[in-house]
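Notes follow once the structure below has been shown.
Every value quoted in this text rests on a predicted model; they were computed, and no experiment measured them.
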Amino acid sequence: MNEFVKKIIIETIKKSNDIDLKRDWGMDTYIVKDQSGKELIRYVNGWDYGAYSLTINGQTKNIAWCENDKKPQTAEQIAMFDILNALCTRWGELNKLRIAREKMDATDKSIVNFLSGKSIKTI
């Protein structure tokens, strides 16, 4: 994968405020959405099957990798795992914020509304 393309993908993930995670047996699917809810990135982490895929704008990249493989990772595999790491990190950050938002009391909500100029429902 081209380094510039990888950089843009990771920057998009880091800026995203909407990442869905669907967990299935042996597979996690991350979906990055834009502000309107349109899918930008879909990453299937098929860790139990050794199959990983990245889909952007209808174009898909696939890699295979098994943790028991003694061969060094290829540049393509490294790029795919760098993107997966960015997804895991950003999803974790967003999930912590979601949990914190759910635990706010009335005073916290008032402060957030005042500072952001928005209703807490839209944040």
Side-chain angles (χ1 to χ4, degrees):
M1 175 181 299
N2 180 290
E3 278 296 314
F4 184 73
V5 173
K6 180 179 105 173
K7 180 181 183 304
I8 296 298
I9 293 168
I10 291 173
E11 285 176 0
T12 301
I13 292 166
K14 287 180 178 181
K15 292 178 188 176
S16 176
N17 288 319
D18 191 1
I19 299 177
D20 289 338
L21 170 59
K22 179 183 177 208
R23 292 209 154 125
D24 261 326
W25 293 102
M27 180 173 65
D28 298 332
T29 302
Y30 293 88
I31 299 171
V32 179
K33 299 176 184 177
D34 67 11
Q35 290 181 345
S36 69
K38 178 184 171 200
E39 183 177 308
L40 297 174
I41 300 168
R42 176 180 295 260
Y43 191 107
V44 178
N45 173 10
W47 51 271
D48 199 30
Y49 310 101
Y52 304 81
S53 70
L54 172 69
T55 304
I56 301 172
N57 195 28
Q59 298 178 36
T60 302
K61 289 194 175 276
N62 296 297
I63 64 161
W65 181 78
C66 178
E67 65 183 79
N68 296 329
D69 192 353
K70 303 295 183 210
K71 298 178 196 171
Q73 290 181 341
T74 66
E76 191 78 10
Q77 290 169 329
I78 291 168
M80 289 286 281
F81 289 123
D82 288 347
I83 291 167
L84 177 58
N85 185 47
L87 281 163
C88 293
T89 299
R90 186 62 180 150
W91 183 85
E93 293 167 352
L94 293 172
N95 194 47
K96 283 181 186 178
L97 289 173
R98 182 189 56 78
I99 292 167
R101 196 168 37 242
E102 290 171 358
K103 292 182 178 182
M104 286 193 299
D105 60 21
T107 303
D108 293 336
K109 290 177 184 179
S110 176
I111 290 169
V112 171
N113 288 342
F114 174 76
L115 293 175
S116 68
K118 298 178 181 178
S119 166
I120 195 65
K121 294 177 185 174
T122 61
I123 296 174

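Side-chain contact between Asp82 and Ile10 is present, with heavy atoms from C-beta onward closer than 4.5 Å. Here the side chains of Asp108 and Asp105 are in contact, with some heavy-atom distance below 4.5 Å. By the 4.5 Å heavy-atom criterion applied to side chains, Ile13 and Ile19 are counted as neighbours. Between Thr89 and Glu93 the shortest side-chain heavy-atom distance falls below 4.5 Å.
The hydrophobic cluster containing Leu21 does not contain Leu97, counting ILVMFWY residues as joined when their side-chain heavy atoms lie under 4.5 angstrom apart, directly or transitively. Ile83 and Leu40 fall within a single hydrophobic cluster, where Ile, Leu, Val, Met, Phe, Trp and Tyr side chains are chained together by heavy-atom contacts under 4.5 Å. Under the 4.5 Å side-chain heavy-atom criterion for Ile, Leu, Val, Met, Phe, Trp and Tyr, Leu94 and Tyr30 are members of the same hydrophobic cluster.
When atom types are taken as modelled, the side chain of Asn85 and the backbone of Phe81 share no donor-acceptor pair closer than 3.5 angstrom. Not a single donor-acceptor pair under 3.5 Å links the side chain of Ser16 to the backbone N or O of Thr12. Not a single donor-acceptor pair under 3.5 Å links the side chain of Tyr43 to the backbone N or O of Val32.
Here Asp24 pairs with Lys22 in a salt bridge; the nearest charged N to carboxylate O distance falls below 4.0 Å. Using a 4.0 Å cut-off between charged nitrogen and carboxylate oxygen, Lys7 and Glu3 do not count as a salt-bridge pair.
To the nearest 0.5 Å, atom NZ of residue Lys38 and atom CG of residue Asp18 are 14.0 Å apart. Atom CZ of residue Arg90 and atom CG of residue Asn17 lie 5.5 Å apart, to the nearest 0.5 angstrom. Note that CD of Glu39 is 10.5 Å distant from CG of Asn57, once rounded to the nearest 0.5 Å. Taking NZ of Lys61 as the reference point, atom CE of Met80 lies at 8.5 Å (rounded to 0.5 Å). Rounded to the nearest 0.5 Å, atoms NZ (Lys109) and CE (Met104) are 6.5 Å apart. Taking CH2 of Trp65 as the reference point, atom OG1 of Thr74 lies at 11.5 Å (rounded to 0.5 Å).
In this structure, Ile9 and Ile41 approach most closely via the heavy-atom pair CG2-CD1, 4.1 Å.
Listed by chain and residue number, nothing satisfies the ring pair (Phe, Tyr, Trp, His ring centres under 6.0 Å) test with Trp91 (two or more places apart in sequence, or in another chain).
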Using a 3.5 Å cut-off and no angle test, enumerate the donor-acceptor pairs between side-chain atoms of residues 46-56 and protein atoms at least two apart in sequence or in another chain.
from: Tyr49; atom 1: OH; to: Trp25; atom 2: O; distance (Å): 3.1
from: Thr55; atom 1: OG1; to: Thr60; atom 2: OG1; distance (Å): 3.0

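At most 12 heavy atoms of other shown residues, nucleotides or ligands fall within 6.0 angstrom of atom CD in Gln35.
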